[in-house]
Amino acid sequence: MSGTTANEGYPYPLTSDFADVQDAFRLATAVDADLRAEQAPFRAFLGRPSFIARQTATGSGFTAGSQGAVFGAIDWDNTGGLVVGQSSWSQPNSQQPSWWLFGATIFVAIVSGTPVVGDMNMARISVTSTDQVTGVVSTTTFFQRNDDTNTSGEWINVFGMAPIYQGSAALTLFLNGSTQKAISANSRLWGMYLGPVT
Amino acid sequence: MAMRKTPYLRLRYPWTDDVVSAADVQSMASDIDQALVSTATLAANFSKFASATVYRNATQSLTKGSFTAITFDTVVSNNGAESPLANGSWYSVANPTRLTAPSACIVLATGSGGVNIGSALGTSGVIQLGVTLNGASGGSGVQGTKWAPLSTVTGQQWTSALTMWKLAAGDYLELKMYWTGTPAGPFNTDNVSPPTLSVMMVALPSVS
């Protein structure tokens, strides 16, 4: 068994040899490994890492300050980064530095009182990432502000794209006003992998 | 003839015989052939992730206080039928408010649209836009945005939302718009930058 093909290096017996089962075994396993490797990028793309987390209970009311979303349901997750009851998504440790797109809709619930036009409602996605060399953790934030109307229950849609490594993403509501409000059930945080950081 | 199989693509190869027969080589060649076909299929699917974009070219009347599904009259792209991952169209004239998932998938969906406000909404004014699942008007079937334009402003007021969904085959997304305020209305959707709904498959719930 001393011959190999020109491009892929597949082993084959020389014409002077008897072909035996070992020849066939080596050739089959070499082709198998090569094809598996060639299919890998396609499979990775079709199974793009992504998640959709949803809060299932309205939070406690507050008038000024901040409140983090707590996820009671996982609508979709193939990253393993979501845990029911937690307030953030964690990037898999095995993933290389990557670009991710994150988005969210916060429904603002009126807990008590009457909404006041112009009271501040603001949603934030915060993304933490770890520097590969120094280990320093940095945070990137994305905001959207939809102040109160007097019809109760604003909807805030926010999104952003960030490089992330051994990091996390979380969703927060900020308020400043006179009405007790909270993050409503069915508010969502989602994210999807875009590609590696080169 | 005892045959074993490789770990990944299950290519058959002879095992217990001392001499490889022509039938052994034929089996192995056939399996390699099929494996190459499946690799080519993966590559083709990879290049044809299904997507669709539709919009409402003519104005559509929006009744005050009604979260109204936009009826689309223009299809920019509707390539689900060309995608081996979808094997079906997203848009159908039979259900012109919907983009229906031909197969189970994860999608990114954007909605945008404007309301042409004929008279100022006043301090009680609201504009709302949602991407909605299976006809929902609230709850877990809605993602979107709601805000208040300046109380004295008139003319086109636009808004947009970026959303992500896990869809089963047959689930549909709609673009819904809403306004309220002091005037009785109705007001029309804006057709300079018309109401538009776009979806793109970004992942599959299962990958074989």
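Nothing here was measured: the structure is a model prediction, and the numbers come from that model. In what follows, chains are A, B, ... by sequence order, proteins preceding strands, each numbered from 1.
- Comparing B/Leu129, B/Leu108, B/Thr159, B/Val25 by heavy-atom pairs within less than 4.5 Å of chain A, the highest count is held by B/Leu108.
- The parts of B/Leu9 that come within reach of chain A are both its backbone and its side chain, each placing non-hydrogen atoms under 4.5 angstrom from that chain.
- For the atom pair CD1 (B/Ile106) and CZ (A/Arg48), the distance works out to 11.0 Å, reported to the nearest 0.5 Å.
- Taking each heavy atom of A/Asn146 and B/Lys146 in turn, the nearest pair found is ND2-O, 3.0 Å.
- Residue B/Arg10 touches chain A through its backbone alone, counting heavy-atom pairs closer than 4.5 Å.
- Scanning all heavy atoms of the two residues, the minimum distance from A/Val117 to B/Thr123 falls at CG2-O, 3.4 Å.
- Once rounded to the nearest 0.5 Å, the distance linking OH of B/Tyr13 with OG1 of A/Thr29 reads 7.0 Å.
- If you measure heavy-atom distances from A/Tyr193 to chain B, you find no contacts under 4.5 Å at all.
- Residue A/Asp32 touches chain B through both its backbone and its side chain, counting heavy-atom pairs closer than 4.5 Å.
- Surrounding OH of B/Tyr8 are at most 12 heavy atoms belonging to other residues, nucleotides or ligands under 6.0 Å away.
- Contacts between A/Phe25 and chain B at a heavy-atom distance below 4.5 Å involve backbone atoms as well as side-chain atoms.
- Contact of the B/Pro7 side chain with the A/Arg36 side chain is not registered, since no non-hydrogen atoms from C-beta on lie closer than 4.5 Å.
- Contacts between A/Leu101 and chain B at a heavy-atom distance below 4.5 Å involve the side chain alone, from C-beta outward.
- With hydrogens and angles ignored, the 3.5 Å screen pairs a side-chain donor or acceptor of A/Asn157 with a backbone N or O of B/Leu162.
- Note that CH2 of B/Trp165 and CZ of A/Arg188 are 4.5 Å apart. Values are rounded to the nearest 0.5 Å.
- No side-chain heavy atom of B/Lys166 sits less than 4.5 Å from a side-chain heavy atom of A/Trp190.
- Scanning both residues, B/Met164 and A/Phe51, for their nearest heavy atoms gives CE-O, 4.1 Å.
- Heavy-atom distances place the side chain of B/Thr180, and not its backbone, under 4.5 Å from chain A.
- Between chain A and the options B/Ser151, B/Ala35, B/Gly139, B/Ala148, the largest number of non-hydrogen pairs under 4.5 Å is found for B/Gly139.
- Residue B/Tyr172 qualifies as enclosed at atom OH: its count of foreign heavy atoms under 6.0 Å is above 12.
- With a threshold of 4.5 angstrom between heavy atoms, B/Val142 approaches chain A through its backbone and through its side chain.
- Counting all heavy atoms, side chain and backbone alike, A/Gln39 lies closest to B/Thr39 at NE2-OG1, 2.7 Å.
- Highest contact tally toward chain A, considering only B/Gly141, B/Ser140, B/Gly138, is held by B/Ser140 [criterion: heavy-atom pairs under 4.5 Å].
- Of the atoms belonging to A/Leu35, heavy atoms from both backbone and side chain fall under 4.5 Å from chain B.
- Side chain of B/Arg12 to main chain of A/Ala28: no donor-acceptor pair is present (N/O by atom type, distance under 3.5 Å, no hydrogens or angles).
- Heavy-atom distances place both the backbone and the side chain of B/Leu36 under 4.5 Å from chain A.
- Nearest heavy atoms, B/Gly125 versus A/Thr149: O-CG2, 3.8 Å.
- In terms of non-hydrogen atom pairs under 4.5 Å with chain B, the most contact-rich of A/Thr56, A/Val108, A/Thr105 is A/Thr105.
- In this structure, B/Gln26 places its CD atom where only 12 or fewer heavy-atom neighbours from other residues, nucleotides or ligands lie under 6.0 Å away.
- For A/Arg54, the part lying under 4.5 angstrom from a heavy atom of chain B is the side chain only.
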